[in-house]
Amino acid sequence: MKIPLVHLAHTRSGDKGDTANVGVIAYDPEDYELLRGALTVEAVKAHFGDLVEGEVERFELPRLHALNFLLHGALGGGGTVSLMTDAQGKVFSTALLRMEIEVPEAVAERAQGRGRTPSNYDPTTPVP
Amino acid sequence: MKTIRVGSGQGFWGDDLDAPVRQVEGGPLDYLMMDYLAEVTMSIMQKQRSRNPEAGYARDFIPLMERLFPTLIEKGVRVVTNAGGVNPTGCGEALLEVGRKAGVRAKIGVVTGDDLLERLPSLIAEGHELRNMETDEPLEGILDRVQSANAYIGSTPIVRALEGGADVIVTGRSTDTALTYGPLIHEFGWDDPDRIAQGVIAGHINECGAQASGGNAMVDWWTIPAMEAVGFPLVEVSEDGTFIVTKHPGTGGRINRAVVTEQILYEMGDPSEYITPDVVADFSTLDLDEIGPDRVRVHGVRGRPATDFLKVSIAYVDGWKATGTLVYAWPDAADKARAADRILRARFDRLGLEFDEVRTELVGWDATHGHLAGPPPADLPEVQLRIAVRGSDRASVERFTREIAPLVLTGPPSVTGFAGGRPRVQEIMAYWPALIRKEAVQPHLDVRILEVT
């Protein structure tokens with residue numbers, strides 16, 4: 001079955017000129033290999049479509065259960081040239097969290113709800 | 001075993017003003033590093049200095065030091081910062097005045113020589129082409145539009161200033177990471193690339209402030225405690241380069257494996273090749289251990305000898321831009337906003353306005369995820385139309401700023417949110433990354449010690 005990446009991994013992104021970087025970190029180290037298989041350069045490039053004009057590069061950090069992607073030509077020229085709200089790619093990685101990933105049922109069950117606020121969460125209550 | 005504590009006080013110019021105070025007063029610390037510079041900051045500072053020769057540095061640093069100087073001297077916490085921007089000397093002199101008024105005895109180290117703006121014509125004449133790292137074009141073609149040019153400098157002048165007894169070190173475009181590992185090289189006398197590379201990752205963790213202690217952290221963010229008084233990260237470093245990321249007790253935030261991993265991946269390129277002026281660090285073998293509450297040990301980073309080059313950050317003017325916004329309300333908010341966008345673009349054509357790019361986003365629907373957001377929900381309660389233009393013809397951009405407000409009475413209904421006045425025309429500062437041989441910069445680096453007596 002397919003579930004969105006948001007339940008399997010957390011991400012962080014930033015910029016270098018017109019290139020956005022997207023770091024993807026497995027919530028559960030067990031899922032790292034699964035993500036390595038699913039998040040190929042081709043699959044990530046296809047997911048973003050015309051949001052990424054240039055090449056996609058991928059680097060592996062197995063000890064951190066993480067992958068790092070460089071998305072070239074993703075920031076409308078980057079820096080102060082870019083007309084995008086997210087000119088520095090700060091939230092670019094969250095668009096990858098929408099990607100649907102094929103997983104075994106047991107993984108889907110374990111990952112359910114991960115990465116989203118619980119239904120009883122109240123943002124107005126301080127966290128001590 | 002000797003341990004050195006380097007704490008982060010600012011992650012960018014505009015960060016939490018009280019964070020450095022919490023970092024210095026909240027517990028033991030040896031060094032406070034403060035990063036004020038980003039790619040675009042130098043050109044802003046250069047512009048400020050062209051209007052006022054005494055400006056051109058991070059002004060916030062001065063009132064901060066008015067609050068902190070006596071405590072820093074009393075506790076023996078030394079400050080390393082790139083607040084000097086394009087005018088480290090002006091910053092150092094302002095600081096001297098602060099020190100005098102506060103009645104402290106202190107030494108201020110001022111590092112200069114990273115600023116290449118005045119030297120560009122002679123550097124080019126000597127054969128330094130400063131080709132754009134992305135396009136491979138030589139700098140000469142845009143030389144007359146360059147606003148700032150600074151070499152990213154490493155630990156050498158910081159170490160020299162510390163050896164000279166400086167209590168506060170003000171630099172220009174030091175790399176963000178050198179503000180942390182400079183003091184470590186000074187304290188431990190490291191020359192082994194593996195240890196310096198450990199120092200680099202310590203610097204990378206410190207350089208964005210609270211982003212390594214719970215800020216902007218994704219994992220269970222809703223459970224991270226007391227973010228209203230978040231403790232900024234600090235590193236406790238041993239002689240062998242191993243270090244622990246932590247924060248002072250009683251402060252808010254969270255430091256665990258997930259938070260530190262996110263910061264490590266921030267703005268990461270090839271993790272096996274993180275190039276700095278002092279070493280090429282390889283993060284691919286890096287390991288993290290959670291060893292206690294808010295304590296993560298970092299080890300396993302490898303280093304290779306540095307390259308023969310320094311990176312140069314160049315900013316040049318490249319046209320004009322402006323951004324206008326309007327808010328459309330339910331019902332059919334997205335349809336109204338898109339129709340308004342079409343009408344506006346047709347008016348640009350009728351007026352013969354010339355732009356290199358016109359970009360439309362519907363904030364509340366597709367501004368950050370583009371087509372991945374899917375079609376707009378049928379019952380979207382409201383949406384902000386955000387339309388931005390850029391081009392080399394200033395008059396066209398100027399005219400654009402006068403075309404937004406008329407839409408309120410000449411376009412689709414239920415529109416508001418135009419209280420802010422006309423959009424502002426901004427000059428675009430484009431970024432030109434280049435490399436330069438070290439020997440063209442290193443001999444020009446200078447460290448001056450100013451004494452407050």
Side-chain angles (χ1 to χ4, degrees), chain A residues 6 9-25 27 47-51 57 59-68 70 72 76-86 88-99 114-115 117-118 121-123 126-128, chain B residues 38-40 43 133-134 211 216-219 221-228 252 257-258 261-272 283-288 300 315 318-319 321 323 357-359 361 363 367-373 386-390 426-431 433:
Chain A
V6 69
H10 55 111
T11 56
R12 168 71 59 84
S13 53
D15 68 320
K16 275 274 181 293
D18 196 21
T19 299
N21 100 290
V22 172
V24 179
I25 307 145
Y27 277 118
H47 174 75
F48 281 109
D50 64 7
L51 296 181
E57 286 183 274
F59 302 96
E60 299 176 17
L61 295 111
R63 295 190 191 193
L64 300 180
H65 322 117
L67 299 166
N68 185 42
L70 292 183
H72 297 285
T80 64
V81 175
S82 175
L83 300 180
M84 295 166 67
T85 291
D86 191 26
Q88 288 167 305
K90 299 288 183 194
V91 301
F92 212 91
S93 71
T94 59
L96 188 62
L97 293 177
R98 292 178 174 277
M99 187 169 160
R114 201 82 173 91
T117 48
Y121 173 60
D122 173 10
V127 185
Chain B
E39 283 173 358
V40 63
S43 58
M133 289 166 75
E134 283 159 18
Q211 203 169 237
N216 195 23
M218 218 179 253
V219 179
W221 60 265
W222 53 92
T223 66
I224 299 177
M227 286 305 288
E228 54 276 14
R257 196 187 155 93
T261 304
E262 282 188 21
Q263 171 56 22
I264 287 170
L265 286 165
Y266 178 67
E267 290 184 350
M268 179 62 65
D270 177 351
S272 68
F283 297 160
S284 61
T285 51
L286 175 154
D287 232 332
L288 302 174
D318 194 24
K321 68 171 181 179
T323 306
E357 187 188 356
V358 180
R359 180 182 172 87
E361 294 174 349
V363 180
T368 57
H369 288 185
H371 65 84
L372 294 171
R386 178 184 182 278
I387 181 157
V389 299
R390 69 178 169 87
Q426 286 175 281
E427 190 165 27
I428 294 171
M429 285 290 167
Y431 181 63

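In this text the structure is predicted, and so the values were computed from the model without any measurement. Just so we're on the same page: letters track the sequence lines, and every chain starts at 1.
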Any sub-3.5 Å donor-acceptor pair from A:Asp86's side-chain atoms to A:Val91's backbone N or O? yes
Give the member of A:Glu57, A:Met99, A:Arg114 that has the highest number of heavy-atom pairs under 4.5 Å with chain B. A:Arg114
Closest non-hydrogen contact found for A:Gly78 with A:Asp18 is N-OD1, 3.4 Å
Is chain B contacted by the side chain of A:Ile25, its backbone, both, or neither, given a heavy-atom distance below 4.5 Å? side chain
At what distance, to the nearest 0.5 angstrom, does OG1 of B:Thr285 lie from CG of A:Leu64? 9.5 Å
Engaged part of B:Ser43 at the chain A interface, taking heavy atoms whose separation is under 4.5 Å: neither
Proximal component of B:Glu361, with respect to chain A [non-hydrogen, under 4.5 Å]: side chain
Who are the salt bridge (Lys or Arg N to Asp or Glu O under 4.0 Å) partners of B:Asp318, not counting sequence neighbours? B:Arg145
If you count heavy-atom pairs under 4.5 Å with chain A, which of B:Asp287, B:Leu288, B:Thr368 comes out on top? B:Asp287
Please classify the contact between A:Thr11 and chain B as side chain, backbone, both or neither, with a heavy-atom cut-off of under 4.5 Å. both
Quick one: of A:Pro118, A:Pro62, A:Gly115, who has the most non-hydrogen atom pairs under 4.5 Å with chain B? A:Pro118
Checking heavy atoms, do the side chain of A:Arg63, its backbone, both or neither come under 4.5 Å from chain B? both
Taking B:Arg390 for the side chain and A:Leu83 for the main chain, is one N or O donor matched with an acceptor at less than 3.5 Å? no
So what's closer than 4.5 Å to chain A heavy atoms on B:Ala315: side chain, backbone, both or neither? neither
Enter the distance from A:Phe48:CZ to A:Arg98:CZ here, rounded to the nearest 0.5 Å. 11.0 Å
Got A:Lys16 and A:Leu70 here, is their nearest side-chain heavy-atom distance under 4.5 Å? no
Which portion of B:Arg386 sits near chain A, non-hydrogen atoms under 4.5 angstrom: side chain
May I ask you to decide if A:Leu61's main-chain N or O and B:Ser284's side chain share a donor-acceptor pair within less than 3.5 Å? no
Contact origin within A:Tyr27 toward chain B - heavy atom pairs under 4.5 Å: side chain
Structural part of A:Thr117 lying under 4.5 Å from a heavy atom of chain B: both
Kindly say whether B:Leu265 contributes a backbone atom to a donor-acceptor pair with the side chain of A:Asn21 at under 3.5 angstrom? yes
Distance, nearest 0.5 Å, that separates CG of B:Leu286 from OG of B:Ser272: 13.0 Å
Give, for atom CG of A:Asn68 and atom OH of B:Tyr266, the distance between the pair rounded to the nearest 0.5 Å. 13.0 Å
Mind ranking B:Met133, B:Glu228, B:Glu357 by heavy-atom pairs under 4.5 Å with chain A and telling me who comes out on top? B:Glu357
Give, as side chain, backbone, both or neither, the part of B:Thr261 having an atom under 4.5 angstrom from any heavy atom of chain A. both
Sequence neighbours excluded, which residues qualify as ring-ring contact (aromatic ring centres under 6.0 Å, His included) partners of B:Tyr431? none
Whether A:Thr80 side chain and B:Met429 backbone form a donor-acceptor pair below 3.5 Å: yes
At a heavy-atom separation under 4.5 Å, does B:Ile264 approach chain A through its side chain, its backbone, both, or neither? side chain
Give, as side chain, backbone, both or neither, the part of A:His72 having an atom under 4.5 angstrom from any heavy atom of chain B. neither
Quick check for you: among B:Met227, B:Arg257, B:Glu134, which has the greatest number of heavy-atom pairs under 4.5 Å with chain A? B:Arg257
Partner chain A: residue of B:Ala217, B:Pro271, B:Ala38 with the largest heavy-atom pair count (under 4.5 Å): B:Pro271
Please rank A:Gly49, A:Gly14, A:Ala66 by heavy-atom pairs under 4.5 Å with chain B and give me the top one. A:Gly14
Do you know which of B:Gly252, B:Ala367, B:Gly269 has the most heavy-atom pairs with chain A at a distance under 4.5 angstrom? B:Gly269
Please flag which part of A:Met84 lies under 4.5 Å from any non-hydrogen atom of chain B: side chain, backbone, both or neither. both
So how far is it from A:Phe92 CZ to A:Asp15 CG, rounded to the nearest 0.5 Å? 11.5 Å
Relative to chain A, which segment of B:Gln426 carries a heavy atom at a distance below 4.5 Å: side chain, backbone, both, or neither? neither
Which atoms of A:Pro128 come close to chain B, meaning under 4.5 Å heavy atom to heavy atom: side chain ones, backbone ones, both, or neither? backbone
